[in-house]
Amino acid sequence: TPASKATWKSELRGVEDVAINMLKQCEEERDPRNLVLAFPIQHHVLSNYTLSEDQVTTCFENLASYFPIEFNPGKNDPHRITPEQLRD
């Protein structure tokens, strides 16, 4: 049987909670390989889900520590992640 609207919203809230908890795990992350993945995920969550005030605050606090983005990869960096990739 199709899920009721209330059930669907409840399940969606669970998705939001999972996304927020995942983003909390990225706090103080400094590895650019992880950040280049985490920033777009956070953007997606903020753009596509209705979050509580506490959840938005969590996202803001998580992101605020990274700005302004100052990243200077070493000359021999095998990952070739650029400051522009992190800013986009």
Side-chain angles (χ1 to χ4, degrees):
T1 63
S4 70
K5 189 173 184 179
T7 301
W8 182 83
K9 284 186 174 187
S10 175
E11 289 174 5
L12 183 59
R13 174 60 62 192
V15 170
E16 293 166 358
D17 290 341
V18 168
I20 294 298
N21 287 330
M22 186 199 68
L23 295 172
K24 285 180 183 179
Q25 297 302 312
C26 296
E27 285 184 45
E28 304 303 321
E29 178 61 58
R30 296 292 176 228
D31 188 330
R33 294 171 295 174
N34 295 333
L35 293 174
V36 81
L37 298 172
F39 289 160
I41 292 169
Q42 190 139 3
H43 180 265
H44 177 81
V45 169
L46 288 167
S47 299
N48 294 289
Y49 296 98
T50 302
L51 304 177
S52 70
E53 186 175 335
D54 288 343
Q55 290 171 321
V56 172
T57 299
T58 296
C59 288
F60 174 80
E61 289 171 351
N62 182 284
L63 284 174
S65 66
Y66 295 105
F67 290 92
I69 293 176
E70 296 179 17
F71 173 65
N72 298 308
K75 289 181 181 181
N76 297 322
D77 181 12
H79 309 293
R80 298 191 173 131
I81 294 173
T82 67
E84 290 75 27
Q85 285 176 292
L86 292 172
R87 287 184 193 112
D88 290 342

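Taking Leu46 as the reference, Gln42, Leu51, Cys59, Leu63 meet the side chain to side chain contact (heavy atoms under 4.5 Å, CB included) condition, with sequence neighbours excluded. Scanning for salt bridge (charged side-chain N to carboxylate O under 4.0 Å, His left out) contacts around Glu84 gives Arg87, with sequence neighbours left out. With sequence neighbours left out, Arg80 forms a salt bridge (charged side-chain N to carboxylate O under 4.0 Å, His left out) with no residue at all. Every residue meeting the side chain to side chain contact (heavy atoms under 4.5 Å, CB included) condition with Gln85, not counting sequence neighbours, appears here in chain and number order: Val36, Ile81, Thr82.
Sorted by first then second residue, the salt bridge (Lys or Arg N to Asp or Glu O under 4.0 Å) pairs that include residues 31-46, not counting sequence neighbours, are Asp31-Arg33. Sequence neighbours left out, not one pair with a member in residues 43-59 passes salt bridge (Lys or Arg N to Asp or Glu O under 4.0 Å).
In the hydrophobic clustering of ILVMFWY residues, with side-chain heavy atoms under 4.5 Å counting as a link, Phe39 and Val56 come out together.
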